[in-house]
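Read through the structure below, which is laid out as structure tokens, and then see the notes.
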Number of protein chains: 2
Amino acid sequence: MGTRERKQREFEQREQLFVDTARRLIREEGLLTLQMARLARSCDYATGTLYQHFASKEDLLVALATQRLREHCALFRKATAWQAGTRDRMFALTVADEHYSRRHPTYSRLMQYVFTEVVWETASPDRRARLTAELEPVVAAITGVVEQAVAADEVKSDVLSTHELMLGPWAVCHGMQSLLQTRGLLEQLAIRAPRRSIYIHAQVLLNGLGWQPLFEIGDAPALDALVGRIEQEVLA
Amino acid sequence: MGTRERKQREFEQREQLFVDTARRLIREEGLLTLQMARLARSCDYATGTLYQHFASKEDLLVALATQRLREHCALFRKATAWQAGTRDRMFALTVADEHYSRRHPTYSRLMQYVFTEVVWETASPDRRARLTAELEPVVAAITGVVEQAVAADEVKSDVLSTHELMLGPWAVCHGMQSLLQTRGLLEQLAIRAPRRSIYIHAQVLLNGLGWQPLFEIGDAPALDALVGRIEQEVLA
DNA sequence: TCAATCATTGAACATGGTTCATACTATCGG
DNA sequence: CCGATAGTATGAACCATGTTCAATGATTGA
């Protein structure tokens with residue numbers, strides 16, 4: 001009796017249609033102007049049908065964010081699985097992050113909005129849990145890299161735990177992106193090459209952690225080469 | 001003819017009343033439930049009067065954020081003016097940031113929300129400009145510290161410019177706070193002592209930049225002592 | 001004192017998220 | 001094939017809130 005299952009499949013397909021269309025509408029017209037009724041119309045369904053899938057607008061946004069995060073995390077997985085030393089793999093995470101954010105300008109804005117108290121607390125616990133769950137395998141993968149580095153004595157874990165060690169590069173990356181994207185906030189700083197700034201600071205932090213082999217910060221060609229290699233071998 | 005001026009003063013006082021009351025309401029009941037009509041009622045004014053001051057709800061939020069940012073920045077100014085070496089003053093910025101955020105839990109949430117595309121782009125350009133303007137003197141003060149360090153040869157500026165040098169610690173600080181506050185996102189990391197993590201990573205980054213004198217990362221008592229001194233001498 | 005100007009009021013309006021009575025459709029036993 | 005039933009889709013009505021504006025009231029200056 002495949003009826004039940006077929007229904008289930010169709011339901012999931014329609015949910016996907018809603019999420020994809022929402023993504024397109026946001027890209028074309030902005031988060032600001034997304035309307036539930038219009039989204040439903042765009043998919044040739046009634047408003048009520050949309051609410052069969054999402055408890056609220058916030059719920060829909062969290063669902064969309066979850067999908068985008070999945071794509072984003074796929075890059076992280078690739079970075080951790082790269083055939084390279086632990087130091088380079090940690091750095092590759094930063095490059096992957098920057099890469100995805102640059103190619104999907106609306107992504108960071110969506111994330112920023114979704115993690116807002118106003119949205120996050122309004123979404124259903126189930127949706128929130130599913131978003132959070134996307135991170136689990138990534139955290140595990142990165143933990144693996146850090147543990148490998150500790151085992152190989154490439155970094156010390158006597159002061160910072162494994163999880164704390166991974167938090168630093170993550171924070172630099174996230175913080176730099178967040179600051180640089182805040183319109184008007186940092187225009188007065190007039191940073192010429194934001195990407196370069198992110199990459200250098202990531203390397204600076206890893207150096208500060210004593211993560212071997214240390215990177216010569218002033219060596220611009222080496223940095224460019226490394227970034228190029230990562231984009232080619234990991235993100236292609 | 002002081003009539004005009006008196007009116008002006010009363011107008012500003014009332015605006016202050018609105019902003020202060022909004023702050024209280026948000027603290028007591030959350031950002032989620034702030035309503036313009038209720039805010040006006042709480043101040044014994046009609047809704048329309050509130051709109052004499054603020055073009056929209058978003059405008060009000062930006063105005064509130066501006067005031068809070070002013071308080072926040074006052075601490076930064078104190079940190080830069082501290083009678084200490086450039087390295088300790090840079091670190092004091094991180095402590096000041098963490099200190100303010102910890103004592104005002106709603107502040108980061110408000111900021112996060114205000115810098116959202118949905119809010120920021122809806123507020124009037126004038127309000128946005130006024131918020132941005134609050135940062136100017138702080139950026140100037142921090143720039144001064146960095147320049148002093150460069151002049152004293154305590155840090156190299158051959159790779160990163162003055163502004164880029166200040167961006168790093170700022171990003172670490174902001175990024176760590178942002179990640180650690182994202183409910184559910186990092187619970188799986190189970191960071192035991194978030195404050196300590198922030199402080200250590202800040203020191204790690206400054207070490208990575210080669211900012212003299214280097215800090216012995218493992219020296220917990222020294223870190224505690226330094227933080228204690230900053231809280232006493234700078235933030236009291 | 002009396003226009004004239006300006007500020008205040010809060011009910012009405014506009015928008016857009018959400019619900020729910022109704023209509024429709026698919027399934028299945030007879 | 002038919003009709004009963006359960007499940008689903010519909011979109012107009014509902015409701016909450018941000019915003020406006022015509023009416024009212026207060027203040028100023030002649």
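In what follows, chains are A, B, ... by sequence order, proteins preceding strands, each numbered from 1.
Here L39(A) lies out of heavy-atom contact (under 4.0 Å) with every strand.
Between the OH atom of Y51(B) and the P atom of dA12(C) there is a distance of 18 Å, given to the nearest Å. Between the CG atom of D59(B) and the P atom of dT20(D) there is a distance of 11 Å, given to the nearest Å. Between the P atom of dT18(C) and the CD atom of Q35(A) lies a distance of 12 Å, rounded to the nearest Å. When the P atom of dC6(C) is taken as reference, atom NZ of K7(B) falls 10 Å away, rounded to whole Å. Rounded to whole Å, the distance from CG on L50(A) to C1' on dT8(D) is 15 Å. Between the P atom of dA14(C) and the NZ atom of K57(B) lies a distance of 21 Å, rounded to the nearest Å. Atom CE in M36(A) sits roughly 19 Å away from atom P in dT15(C) (whole-Å rounding). Protein atom CZ of F11(B) is 9 Å distant from nucleotide atom P of dA7(C), rounded to whole Å.
Interatomic distance, D88(A) CG to L93(A) CG, rounded to the nearest 0.5 Å: 11.5 Å.
Here the side chain of T49(B) is nearest to one of dT20(D), dT8(C), dT19(C), namely dT8(C). Closest to the S56(B) side chain, of the nucleotides dT19(D), dT18(C), dA26(C), is dT19(D). For R41(B), taking side-chain heavy atoms from C-beta onward, the closest of the listed nucleotides dG10(C), dG11(D), dG18(D) is dG10(C). Nearest to the side chain of Y45(A), among dT19(D), dT10(D), dT18(C), sits dT10(D). Looking at the side chain of A46(B), the nearest of the listed nucleotides dG11(D), dG10(C), dT19(D) is dG10(C). Of the candidate nucleotides dA9(D), dG11(D), dT17(D), dA9(D) has the atom lying nearest to any side-chain atom of Q52(A).
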Discussion item. Determine whether M90(A) and L165(A) satisfy the following criterion, side chain to side chain contact (heavy atoms under 4.5 Å, CB included), listing intermediate values before the conclusion.
Written reply: CA-CA 10 Å; M90(A) 286 304 287; L165(A) 280 171; over 6 Å; no

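The residue from E12(B), Q16(B), R14(B) that alone fulfils the side chain to side chain donor-acceptor pair (under 3.5 Å) condition with H53(B) is R14(B). The only option from R68(A), R70(A), Q67(A) that meets the side chain to side chain donor-acceptor pair (under 3.5 Å) definition with E134(A) turns out to be R70(A).
A heavy-atom distance below 4.5 Å is not found between the side chains of L34(B) and E29(B).
Residue R14(B) places at least one side-chain N or O under 4.0 Å from the OP1 or OP2 atom of dT8(C).
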